[in-house]
Amino acid sequence: MKKVSNITEVIKLLDENGIRSDGRRLDEMRKIKIEVGVLKNADGSAYIEMGNNKIIVGVYGPKEVRPKHLAIPYKSLIRCRYEMMPFSVSDRKSPSPSRREIELSKAIREALEPAIFTEEFPRTMIEIFIEVLEADGGTRTASINAASVALADAGIPLRDLVTAIAIGKIDGKLALDINGIEDQYGDGDMPIAMMPQLGYVTLFQADGIFTSEEIEKAFEMAKKAIWNIYEIQKKALKSKYLQIVKEVDINE
Amino acid sequence: MKKVSNITEVIKLLDENGIRSDGRRLDEMRKIKIEVGVLKNADGSAYIEMGNNKIIVGVYGPKEVRPKHLAIPYKSLIRCRYEMMPFSVSDRKSPSPSRREIELSKAIREALEPAIFTEEFPRTMIEIFIEVLEADGGTRTASINAASVALADAGIPLRDLVTAIAIGKIDGKLALDINGIEDQYGDGDMPIAMMPQLGYVTLFQADGIFTSEEIEKAFEMAKKAIWNIYEIQKKALKSKYLQIVKEVDINE
Amino acid sequence: MKKVSNITEVIKLLDENGIRSDGRRLDEMRKIKIEVGVLKNADGSAYIEMGNNKIIVGVYGPKEVRPKHLAIPYKSLIRCRYEMMPFSVSDRKSPSPSRREIELSKAIREALEPAIFTEEFPRTMIEIFIEVLEADGGTRTASINAASVALADAGIPLRDLVTAIAIGKIDGKLALDINGIEDQYGDGDMPIAMMPQLGYVTLFQADGIFTSEEIEKAFEMAKKAIWNIYEIQKKALKSKYLQIVKEVDINE
Amino acid sequence: MSDKYQVISILKKDAILQLLKKNERIDGRGLEDFREIEIFTNIYNKAEGSARVHLGDTKVVAGVKASIGIPFPDTPNVGVQVVNAELIPLASPLFEAGPPGEEDIELSRVVDRGIRSSEMIDNKKLALIPGKKVWMIFIDIYPLDYHGNLMDAFGLAAVSALLTGNLYETEINEDDIILKENKIPIPINHVPIFVTIGKIQNKLIVDPTFEEEMVLDAKITYTIDENNNICGIQKSGTAGFTIDELIMARDIAIEVAAKIRKYLPLKKG
Amino acid sequence: MSDKYQVISILKKDAILQLLKKNERIDGRGLEDFREIEIFTNIYNKAEGSARVHLGDTKVVAGVKASIGIPFPDTPNVGVQVVNAELIPLASPLFEAGPPGEEDIELSRVVDRGIRSSEMIDNKKLALIPGKKVWMIFIDIYPLDYHGNLMDAFGLAAVSALLTGNLYETEINEDDIILKENKIPIPINHVPIFVTIGKIQNKLIVDPTFEEEMVLDAKITYTIDENNNICGIQKSGTAGFTIDELIMARDIAIEVAAKIRKYLPLKKG
Amino acid sequence: MSDKYQVISILKKDAILQLLKKNERIDGRGLEDFREIEIFTNIYNKAEGSARVHLGDTKVVAGVKASIGIPFPDTPNVGVQVVNAELIPLASPLFEAGPPGEEDIELSRVVDRGIRSSEMIDNKKLALIPGKKVWMIFIDIYPLDYHGNLMDAFGLAAVSALLTGNLYETEINEDDIILKENKIPIPINHVPIFVTIGKIQNKLIVDPTFEEEMVLDAKITYTIDENNNICGIQKSGTAGFTIDELIMARDIAIEVAAKIRKYLPLKKG
């Protein structure tokens, strides 16, 4: 439960020096931490902290499709379930899936599927389970960053990782990686996911109002940030691999 | 949303000359307009305006039964779904099916099924979808009038068309084809559907209080109206057929 | 609907002579009446009155499992549905299953299954339907008493009957077979089910606070009562059997 | 219940049809005879009213619960009536657990309309503070053993439970309702009886058993009040009736209702 | 709709792809042409506003209902807007009855966001007693005949129904709202247009038909207001776009939106 | 989870049983040893309290949310406590998405009763305006990785999140509650520990792993407070216990609870 501030008080998202309420510059990202292989049952998994967002993702598959009649003869069926835990937000969320969660599950699935060689595993399914433990603006992009790492961790062949960031608009200016307050009181939100190496945008949404020029500028800001996150994703994957190598060393 | 009238005001459904609030005599029907073949995807379709009621019906089938285990070895399975759109009534109706809609779906299905040669299409199903766009008393009878035309339009062999009308009771008198206000403030409602040529009554319901004599008189009133509507149904079907013939002419 | 008593009034569950509000001693059970074979459709059935509790149980099976994929290759699937009728309690219960009913359905099923030779009927299912018509504390134990008799009536081979009673705690003292008021205003409730001949406890639950000693004492109290109820169960079964024998005599 | 048609054997079906041609029924009844009726009332003490009805082997229960609630905005001065019926699997292998299906809903709505149209409950007496607080009367009906003609058994159970039911006397203290010790009967104006007549080929039969229902072409239920007025009609089934059949059925229903009425428990108060 | 992929023949699929290579479409349209548009408004009289939209063979309806309700605690001074869309089986053999699935929900949420972000409805004028009573505006959208591009048709229907809708004038009497005889237009600020562009291989096409949707790799919907600002974006489908494609699609969308805008019914009041 | 029985191989099952005969377990533990426990608290900042508990490989989270609501009419002077647990498919291929099943519900109800019976939360301190406004405490529990004995892990997570949780201080202004800047600990009276003991043939084992659960005959959970009183019991599984076994299990549970209690986070305030 959040304390409701005096509503007559104006929320100031940007100070006279162009510094945001959490101290960041407009083009500054929040801290990101990714851990790989955090779950034992899941075939692949990852945990991400992106600012205050805390999200865990598990991937199962490729596995048998149930019920069977949903199997697709020429590719793997991708399923994705994005869920916010009831305690992840200011006012407790009911545990049953909200319309927002259902829409985001589809958008995230369609952000990830372009990266998966689905045609290599016909008649199977790959399941992606995303649980938001704490939410603070940008959970869908953080989820995508963790999920593509979890897919890689599951050994599922990928064309590229999928990397995502949101561009927001606060006090009329574009701002990278907006947080919860900026999302709530700002003027717009534009999440973008890309396969950085291949140059494809696989998630692209917006609400709020953007001019044509702002969209182009937003792509520029996003691309830069996405390359940074991409490195963090790869490092996270590598560190798990290195750890395994070390364990093998020790055991020898 | 309807403006709530002053509730102390008495609703007068019949004036001193026996004229109803919408200007009709007790034995006078509202205007009916039927169009056939209004939808392209449906195998058969019809649109009806009966007074202010506006209803569209689509028929699919005979087609494969899903799930398969519901198939009936010796006849076609008839399915019927009667739905009021949320904006079709004064106070917005929730989009999920109400108990009233579920009951009427059954009653309408059992009004139509006697006319269908179901035994000619074993292990198949015929689906009848009824959407009420605007409701003003008598939607179930208007739905039946449109649905039997839509079944014919789908080329499904019928023993006869099914034709329906409601008899109401207002200010203690039987009234043909009652509208919404008459239904709400009147003393009773008795919808009747028949296969006119064959003389079978396939829907018969009532609420309110009727004497034995009133039931017999109601049948007389209904029969007359039903023959009139029957002609309108046939004309609607014929006009589509003629149109097709004309189109063929043109194309030759 | 129950009249709400003046809430400042203290509920006295035990008088100065150790007599309970319904006149019983602490170790005194309520009256039990069991009738066997009360339903014709069910393969086995029983009706129990245990104090004011009135419960009817029907058993179907062993029968084909639906849907088929739930069948267990080496034993019978036991299903159990415990339901309180909306009018069985002070404030009308909604007809949809409550979380309490779902939990008790599981607990009762797991109290009965140990007594059933499930391995004799692989790939079948046995269904136990429990309907509470009037509830007054101890419905789960009364349900078990009736259900094990209904299973026997269905001719399902049992290792032993299952017999149940609840021990409660009122005014700090253990009390046998607590009723609704004692359950509501008392300090604890500990339902116990046993297969008396075999000495196995198949249901054991508690809420409230009990010391280690109280648990041992509760077992002693329960065992005694369970042997009494066991005799009533057997008599009920025998009386139906005798009745059948008599009917046969008469028919000869 | 979509595969009801597979439930009885062709031999039994033939037997029923052959007998009917001779105006006989498989259980020996005449075409217009109903099965033995037993009614037990006020049997469940947590309910404001209750009834168990046996109609031959068909056994059903109904319970009435009352609570104080808010009236509907368009009827501020009358109580609220809710009827709910559920075909529970206890009563038949054909019934499945789960939310009410179209058959459950039709049954409860026909009972509801019959009670409402006959003005059985004196609804205006259920308004406690007009526009603000009214009695809400819930009538829940369940089958225990299903052997045909739930419609009439459900109607009889609901009516019997209402007839013998009680409400707390109330006292109004500004906007609060105080329930007093004393109980008074549910205010009753009229008593509807539900009579279902089945059509098999061109025969009309009263109170069909389960096996007869399996071969019925269609059914018609008339609800009849004590003045022989019709206060409810519901046709069901996949065939039609001629108008003559419907008028004949109405006359049979009026006669049968008068006979069933004698089994009713005494009205309270 | 998971087996949409089986719905059209491989021959038709090939034909579509072959034509597209020559920048042609199976129905003869140019890549950036939309189908014929017809809009009928205020056609259902129980609704505060209504519209039927034909986009080629695709036919949809939208209805607006208003009622007085309580505002959300965090926005006490603005009205409530609810958009609901359901893919009913009347409109296509691919749609199934039942609660809305992810496709229905996505469609209604994109329409909702477009109306909200463009500030189409002057929400502040819907507050009747700030913090206590506001107008709630429900927009329900249904397909009647589905032949592709429900997104744009749904958006156009919702917008047309709002543009031509009416609310009762109100009078405030302490804490009660009195509805007066007179009706006034729903207060409108801006008008968003929804334009969906499909990507097949490396071609961008406007207003895809059902058959084109079956071979699309991905779709992008831009919502455009009358100042050519973007007030909503939604990418869907199992492939990606290059940034250049997205910018090109944006430019096409702005042009197309301007053309579609001419079909809009006249704003009331 | 109905086909759990197919999940582990017969070889593994045999291995477990053979070892148990020698009072050994497949992971090397003694019969009454629990797995390694790790507890992390106050880790999710939107929650009033939170905990992540590792019990060997089993990982679960619990979060506490508080909001101001209306008390139940029959307990006007105490706060409201709601416990919810859901077996999400993230944690195991055996769990399915969808509304809670009987296993989820049993787990949450046993945790709920243990907290309630032990009077862990000082419920009376949660009444803000008696009869009108109280704190509602929601405890939501989820598995992340399921490797046996969710019961004890869920209990430990719920208790740890409550122990370290905080509520806003409140001020009462007539009928309104004002939340102040300051936060105070959730008022705690007692601390229950949940100990589940499995029975395999005639052996009793503490803290069963997933593989052991697959061969268990039955389970018994005792909830133990800091005075070694029993404040909750739940038997589950398809076999029975002798009374001697149940008493032995109780003694083991009391001993184990005392050991687990040392892992608890420090109580706030």
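Each chain gets a letter, A, B and so on, in the order its sequence line appears, and its residues count up from 1.
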Exercise: identify the closest heavy-atom pair between [X] and [Y]:
X         : Y         : answer
Gly58(A)  : Leu90(F)  : N-CD1, 3.2 Å
Pro95(A)  : Tyr142(F) : CB-OH, 3.9 Å
Glu134(A) : Tyr44(F)  : OE1-CA, 3.2 Å
Arg81(A)  : Pro89(F)  : NH1-CD, 3.9 Å

Going from [atom1] on [X] to [atom2] on [Y], what distance comes out if it is rounded to the nearest 0.5 angstrom?
X         : Y        : atom1 : atom2 : answer
His147(F) : Asn41(A) : NE2   : CG    : 3.5 Å
Asn84(F)  : Phe87(A) : CG    : CZ    : 10.5 Å
Ile56(A)  : Lys59(F) : CD1   : NZ    : 7.5 Å
Ser90(A)  : Lys46(F) : OG    : NZ    : 5.0 Å
Glu48(F)  : Arg92(A) : CD    : CZ    : 12.0 Å
Met85(A)  : Glu86(F) : CE    : CD    : 9.5 Å

Under 3.5 Å donor-acceptor, Lys63(A) side chain and Pro93(F) backbone: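 Checked: no pair found.
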Are more than 12 heavy atoms, taken from residues, nucleotides or ligands other than [X], located less than 6.0 Å from that residue's [atom1] atom?
X         : atom1 : value
Ile184(F) : CD1   : yes
Lys125(F) : NZ    : no
Leu128(F) : CG    : yes

Heavy-atom distance under 4.5 Å to chain F: side chain of [X], backbone, both or neither?
X        : value
Val38(A) : backbone
Glu83(A) : side chain
Asp43(A) : neither

Under 4.5 Å from a heavy atom of chain A, the part of Asn45(F) involved: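 Contact with chain A is through both the backbone and side chain of Asn45(F).
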From CA spacing to verdict: salt bridge (Lys or Arg N to Asp or Glu O under 4.0 Å), Asp145(F), Lys40(A): CA-CA 7 Å; Asp145(F) 216 355; Lys40(A) 214 174 151 182; over 6 Å; no
Chain A contacts, top residue of Ile43(F), Leu167(F), Ile88(F), Val61(F) (heavy-atom pairs, under 4.5 Å):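 Result: the option with the highest number of such pairs is Ile88(F).
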